[in-house]
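Take a look at the structure set out below.
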Amino acid sequence: ENLMRRQIKMAALQPGDLLEKIDFPGSIWIVSRLIESRHQRPHAVIAYQRNSSETRMLAVSTLLDESFFRRLGSPVASVT
């Protein structure tokens, strides 16, 4: 049951999702991959949109926390 809850939470964030840093408006990060380990909480690697070689690994819970990041959806759903 705990594993299922974790998978649902992981599904809330997908590679390609765009996130804007709350304390740095205009700073857009792209979720590049999700990391799941039995020994720690789920993490994700995010890459800076303006410089994809700049990456961070953060807990998924931090990325989903709206006081740190705002989700912009994925580029597929972008308005033209």
Side-chain angles (χ1 to χ4, degrees):
E1 190 234 330
N2 192 18
L3 176 69
M4 201 161 134
R5 190 180 299 132
R6 208 166 71 209
Q7 284 171 338
I8 289 167
K9 191 155 194 179
M10 285 291 279
L13 203 61
Q14 299 292 328
D17 282 353
L18 300 177
L19 302 164
E20 182 179 31
K21 213 164 177 318
I22 293 297
D23 61 356
F24 199 131
S27 168
I28 311 296
W29 294 78
I30 304 161
V31 177
S32 59
R33 62 195 177 98
L34 300 170
I35 299 165
E36 233 191 315
S37 159
R38 281 185 304 166
H39 308 295
Q40 61 179 13
R41 296 184 302 153
H43 280 66
V45 175
I46 58 173
Y48 190 44
Q49 191 179 44
R50 292 194 193 129
N51 175 12
S52 58
S53 64
E54 192 179 329
T55 60
R56 304 267 186 281
M57 187 170 88
L58 293 166
V60 169
S61 56
T62 301
L63 296 172
L64 294 175
D65 185 334
E66 290 175 355
S67 61
F68 293 111
F69 286 92
R70 188 167 69 92
R71 290 181 71 184
L72 303 175
S74 62
V76 178
S78 67
V79 178
T80 52

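- Side chain of E20 to backbone of G26: a donor-acceptor contact under 3.5 angstrom is found.
- Note that OG1 of T62 and CZ of R56 are 13.5 Å apart. Values are rounded to the nearest 0.5 Å.
- Side-chain atoms of S32 come within 3.5 Å of backbone atoms of V45 as a donor-acceptor pair (strictly under, hydrogens ignored).
- Counting only heavy atoms from C-beta outward, the side chains of I22 and E66 never approach each other to under 4.5 Å.
- In this structure, CD on E54 lies 9.5 Å from CD1 on I46, to the nearest 0.5 angstrom.
- Across Q49 and L18, no two heavy atoms sit closer than the pair NE2-CD2, 4.5 Å.
- P15 and L34 make their closest contact through CD-CD1, 4.2 Å (heavy atoms, listed as atom of the first residue, atom of the second, distance).
- Rounding to the nearest 0.5 Å gives a distance of 5.5 Å between CZ of F69 and CG of L63.
- Here the side chains of I35 and R33 are in contact, with some heavy-atom distance below 4.5 Å.
- Here the closest non-hydrogen pair linking S61 and R41 is OG-NH1, 2.9 Å.
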>> Go through it in stages, so that I can follow the logic: the residues are L64 and R71, the test is side chain to side chain contact (heavy atoms under 4.5 Å, CB included), and I'd like the CA-CA distance, side-chain angles, deciding distance and then a yes or no.
In response: CA-CA 8 Å; L64 294 175; R71 290 181 71 184; 3.9 Å; yes
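- We find the CD1-CG distance between I30 and D17 to be 10.5 Å, quoted to the nearest 0.5 Å.
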